[in-house]
Amino acid sequence: MFRTMKEDIEVVFEQDPAARSHFEVILTYSGLHAIWAHRVAHFLFKRKMFFLARTVSQISRFFTGIEIHPGAKIGRRFFIDHGMGVVIGETCEIGDNVTVFQGVTLGGTGKEKGKRHPTVKDNALIASGAKVLGSITIGENSKVGAGSVVLQDVPPNSTVVGIPGRVVIQDGVKIRNTKDLNHRDLPDPVSDKIRELENEIKSLKEEIQKKEGATDNAHSHI
C-alpha cells in the first residue's frame, strides 16, 4: 500500500510541472486525494462492504469534486490533473500510467448490463472534457482529444478527436491530414459545419443572382 502511495506521489511530479514539494502535493492535490480514497473504497468493495465503500467514495466526491465508483479497477501510477468533474463508472477498468484531465467522463450509455463502462489500457491519455461511453476499449498509448465523445473502440497508439470521436493518427501516421494532439489545434466539428453552411449559402446566392440577371436580360429584350 505504501509503495503504491509513493508511486502516486511520484507520478504527480512527473506529470505536473507546477508541483513544488511533497508537502504541497500531499496536502493540496485533489486528484491524489481522490485516488487514495478510491483505493480504500475499492478495498472495502472487494470485501462486499458496499455501504462503507460508497460512503468513502461519496465523502471523497464531496471534498474533491471527483466521483469514482468503488467498483472501478484502477492500476498503478494513475494521474488526475486538476480533476474537477471527473466521473468514473463502476465497471470501468484503468491500466497503468493513465492520465485524465478535468471534466472527463468514463461512463455508460444507459443501455448495457454487466460490463458497461470503458476499459482504458496502459499509458493512455484522456484530455479535458472528453466523454468515453460504453463497454469500449481505449488501446495502449492512445490519446483522446479535449471535448471528444468516444463511442467505439480505439486501437492502440492512436489519437482520437471530435464528436463522435474518430481516429486521426494511428501508429504515428496522420489520417486525413488532421493536426496532432495540440488542444488549440483540434478540429472543431461545429465550426466545420458552420463553414459548410456558409459555403452553401454563398453558392445559393450566386445561383439566385445568375437567375435574376438572366430574368433582367429577358425583360430588356422584351
Side-chain angles (χ1 to χ4, degrees), residues 4-5 7-8 11 15 29-156 158-160 163-165:
T4 301
M5 293 175 69
E7 287 181 336
D8 291 334
V11 76
Q15 297 282 0
Y29 273 63
S30 60
L32 182 64
H33 300 158
I35 292 167
W36 284 351
H38 172 72
R39 298 203 189 283
V40 174
H42 187 64
F43 175 86
L44 297 170
F45 188 87
K46 288 193 299 182
R47 283 151 183 79
K48 301 188 184 301
M49 301 179 194
F50 301 125
F51 178 76
L52 283 176
R54 287 307 296 265
T55 300
V56 171
S57 71
Q58 289 303 299
I59 292 172
S60 172
R61 175 181 178 272
F62 178 81
F63 283 105
T64 66
I66 299 167
E67 182 169 352
I68 308 176
H69 193 285
K73 298 177 181 177
I74 297 178
R76 297 168 49 206
R77 298 171 58 80
F78 180 50
F79 178 58
I80 302 175
D81 198 359
H82 297 295
M84 180 62 70
V86 168
V87 177
I88 299 175
E90 177 184 9
T91 61
C92 191
E93 298 179 21
I94 299 174
D96 298 334
N97 298 302
V98 171
T99 298
V100 303
F101 289 80
Q102 69 273 14
V104 165
T105 297
L106 303 177
T109 63
K111 298 178 181 178
E112 301 109 337
K113 294 183 179 179
K115 180 71 169 76
R116 59 192 184 279
H117 298 105
T119 296
V120 182
K121 296 291 189 177
D122 296 349
N123 307 310
L125 181 149
I126 305 177
S128 56
K131 314 301 176 188
V132 183
L133 306 176
S135 182
I136 62 175
T137 298
I138 306 298
E140 293 182 1
N141 308 307
S142 288
K143 301 183 178 82
V144 177
S148 301
V149 177
V150 184
L151 303 172
Q152 296 181 339
D153 290 345
V154 175
S158 300
T159 297
V160 174
I163 303 173

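Summarising the geometry, atom CZ belonging to Phe79 is positioned 7.0 Å from atom OH belonging to Tyr29; distances are rounded to the nearest 0.5 Å. Between the CG atom in Leu106 and the CD1 atom in Ile94 there is a gap of 5.5 Å [rounded to 0.5 Å]. In this structure, Ile68 CD1 and Ser60 OG are separated by 6.5 Å, a value rounded to the nearest 0.5 Å. In this structure, the separation between OG1 on Thr99 and CG on Leu125 is 5.5 Å, given to the nearest 0.5 Å.
Side-chain atoms of Val120 and Val100, non-hydrogen and from C-beta on, never get closer than 4.5 Å to each other. Contact annotation: the side chain of Ile74 never approaches that of Ile35 to less than 4.5 Å [non-hydrogen atoms, C-beta and beyond].
A donor-acceptor contact closer than 3.5 angstrom is absent between the side chains of Asp122 and Asn97.
Applying the salt bridge (Lys or Arg N to Asp or Glu O under 4.0 Å) test to every pair with at least one member in residues 40-56, sequence neighbours left out, gives no pairs at all. Residue pairs that meet the ring pair (Phe, Tyr, Trp, His ring centres under 6.0 Å) test with at least one member in residues 57-77, sequence neighbours left out, are Phe45-His69.
Pro156 pairs by the side chain to side chain contact (heavy atoms under 4.5 Å, CB included) definition with nothing, not counting sequence neighbours. Residues meeting the side chain to side chain donor-acceptor pair (under 3.5 Å) test with Arg39, sequence neighbours left out: Asp8. A search for side chain to side chain donor-acceptor pair (under 3.5 Å) contacts involving His38 returns nothing, not counting sequence neighbours. Residues passing the side chain to side chain donor-acceptor pair (under 3.5 Å) test with Glu90, sequence neighbours excluded: Arg116. In this structure Gln102 satisfies the side chain to side chain donor-acceptor pair (under 3.5 Å) test with no other residue, sequence neighbours excluded. Here Ser142 pairs with Ile138, Val154, Ser158 under the side chain to side chain contact (heavy atoms under 4.5 Å, CB included) rule; sequence neighbours left out. Residues satisfying the side chain to side chain contact (heavy atoms under 4.5 Å, CB included) test with Glu7, not counting sequence neighbours, are Arg3, Glu10, Arg76, Arg77. Partners of Lys115 according to the side chain to side chain contact (heavy atoms under 4.5 Å, CB included) rule, which considers only residues two or more places apart in sequence or in another chain, are Thr91, Glu93, Thr119, Ser135. Shown here are the salt bridge (charged side-chain N to carboxylate O under 4.0 Å, His left out) partners of Arg61, two or more places apart in sequence or in another chain: Glu67. Every residue two or more places apart in sequence or in another chain was checked for a salt bridge (charged side-chain N to carboxylate O under 4.0 Å, His left out) with Asp81, and none qualifies.
In this structure, Ala34 and Thr64 approach most closely via the heavy-atom pair CB-OG1, 4.0 Å. Between Ala124 and Gly139 the shortest heavy-atom distance is CB-O, 4.2 Å. Contact between Ile136 and Val150 at its shortest, heavy atoms only, is CD1-O, 3.6 Å. Nearest heavy-atom pair across Ala130 and Gly145 is CB-O, 3.7 Å. Of all heavy-atom pairs between Ile66 and Met84, the closest is CG1-N, 4.4 Å. In terms of heavy-atom proximity, Phe101 sits nearest to Val86 at O-CG2, 3.4 Å.
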(message) Before you tell me yes or no, could you show the steps for Val104 and Val144 under side-chain contact (heavy atoms from CB on, under 4.5 Å), namely the whole-Å CA-CA distance, both residues' side-chain angles and the distance that decides it to 0.1 Å?
(response) CA-CA 10 Å; Val104 165; Val144 177; over 6 Å; no

(message) Run the side-chain contact (heavy atoms from CB on, under 4.5 Å) test on Val56 and Phe43 for me, step by step, so that the C-alpha distance in whole Å, both residues' side-chain angles and the decisive distance to 0.1 Å come before the verdict.
(response) CA-CA 11 Å; Val56 171; Phe43 175 86; over 6 Å; no

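Partner of Thr105 under the side-chain contact (heavy atoms from CB on, under 4.5 Å) criterion, out of Val132, Leu133, Ile126: Leu133 alone.
With a 6.0 Å radius and a threshold of 12 heavy atoms from other residues, nucleotides or ligands, Lys131 has its NZ atom above the threshold.
The main-chain N or O of Phe51 is found under 3.5 Å from a side-chain atom of Thr55 such that the two form a donor-acceptor pair. A donor-acceptor pair is defined here as one N or O able to donate and one able to accept, closer than 3.5 Å; such a pair exists between the side chain of His42 and the backbone of Pro70.
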